Number of protein chains: 2
Amino acid sequence: MTQQRQIILEELRQVNSHPSADEVYEMVRKRLPRISLGTVYRNLEILSELGEIQKLELGGDLKRFDRNPIKHYHIRCMRCGRVDDAPIAPLNQIENELYGATVYTIIGHRLEFEGLCPQCSKTPGKS
Amino acid sequence: MTQQRQIILEELRQVNSHPSADEVYEMVRKRLPRISLGTVYRNLEILSELGEIQKLELGGDLKRFDRNPIKHYHIRCMRCGRVDDAPIAPLNQIENELYGATVYTIIGHRLEFEGLCPQCSKTPGKS
DNA sequence: GTGTTATCAGTAATAATTACTAAAATTAAT
DNA sequence: ATTAATTTTAGTAATTATTACTGATAACAC
């Protein structure tokens, strides 16, 4: 656990947003101005493999990171990309429904809601 | 409806896979060797806005296109990226559960299963 | 047919991510 | 602690998917 890795973890744990790698980079840069973006990417990957955090692959063009390593669902703003937790109980049985109906070995599932956050709900503008 | 747009639609309708824009490009190129990738991207976008096809934003690094414009769920191979339909009934009530529990205006949801396709289930190799 | 508009092919530009490399730092073994 | 082996880092370059731009072409309206 290097200093860089430790600080990346600390900074991510201080927010309940779901920042992209670039946003984590900007956060960490305040404490380690010489850190490089590649280091942030690599350590976020390592930390998620260690089970300390979670890497999110949601809709949109970029991956996000969640300080909470426990599987849960999210809602994402279609306009601005903001992501929040979706307070829905896990669908523990849903994978059983698929069992036998697919040729795949089922490993997990992901449920993501789409919508508009409060700010973007107010503003008309083009979607 | 230009010739290019028509042929893109025809080719996509001939497969039950869920090709990426680049794969559609390769398919269409057999009939229109001079078509450009930008044209494929633009027309896939237009066709999905018209409701003729569906643009999929699943996990992984690329978007995929589905000849079926009706909302349904998918399963994706974590190793090779193959995508198939997941024969699960739509969760029509799930958005109601979230209503009142989130500050977002809910517009839709996406459910995606992850697993290994038959080929990748056989091969050990690194995941 | 002529003019207007949309679309095309080809190419360049973006943006997120990954790969590479030599230097620095951490760890392990004496 | 000192040296040797290993890992990690900063910085940069390369990749990849996608979008934007542009002058030429084709579709459409009159």
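We name chains A, B, ... by the order of the sequence lines, and we start the count at 1 in each one. For clarity, every value in this text was computed on a predicted model and none was experimentally measured.
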Item to check | Nucleotide interval of DNA chain C bounded by contacts with chain A (heavy-atom cut-off, under 4.0 Å) | outcome: dA16(C) to dT18(C)
Report the residues that fulfil side chain to side chain donor-acceptor pair (under 3.5 Å) with [X], sequence neighbours left out, ordered by chain and then residue number.
X: Thr2(B); result: none
X: Asp61(B); result: Lys63(A)
X: Glu57(A); result: none
X: Lys55(A); result: Glu45(A)

Checklist entry - Which residues pass the salt bridge (Lys or Arg N to Asp or Glu O under 4.0 Å) test with Glu95(B), sequence neighbours left out? => result none
Item to check | Results of salt bridge (Lys or Arg N to Asp or Glu O under 4.0 Å) for Glu114(A) - residues two or more places apart only | outcome: Arg76(A), Arg110(B)
Checklist outcome for this item: Double-helix bend of the helix from dG1(C)-dC30(D) to dT30(C)-dA1(D), axes at both ends from 5 pairs, round to 10°, gives 30°
Item to check | Side-chain hydrophobic cluster, 4.5 Å single linkage: members besides Leu56(A) | outcome: Leu58(A), Val83(A)
Checklist entry - Base, backbone or nothing for each nucleotide of nucleotides 16-30 of chain D, written B, S, -, heavy atoms under 4.0 angstrom, 5' to 3'? => result -SBB-----------
Checklist entry - Got a sec, which pairs hit ring-ring contact (aromatic ring centres under 6.0 Å, His included) with one end in residues 9-51 of chain A, sequence neighbours left out? => result His18(A)-His74(A)
Item to check | Residue whose nearest DNA chain D nucleotide is more 5′ - Arg34(A) or Ile46(A) | outcome: Ile46(A)
Checklist entry - Could you give the CG-to-P distance, from Asn43(A) to dT7(D), as a whole number of Å? => result 15 Å
Next on the checklist: Under 4.0 Å, heavy atoms only, any strand: does Arg42(B) hit a base, just the sugar-phosphate, or nothing?
Outcome noted: base
Checklist outcome for this item: Sorted by chain and residue number, the side-chain contact (heavy atoms from CB on, under 4.5 Å) partners of Ser20(B) (sequence neighbours excluded) come out as Asp22(B), Glu23(B), Leu62(B)
Checklist entry - Does the pair Asp66(A)/Arg64(A) count as a salt bridge with the N-to-O cut at 4.0 Å? => result no
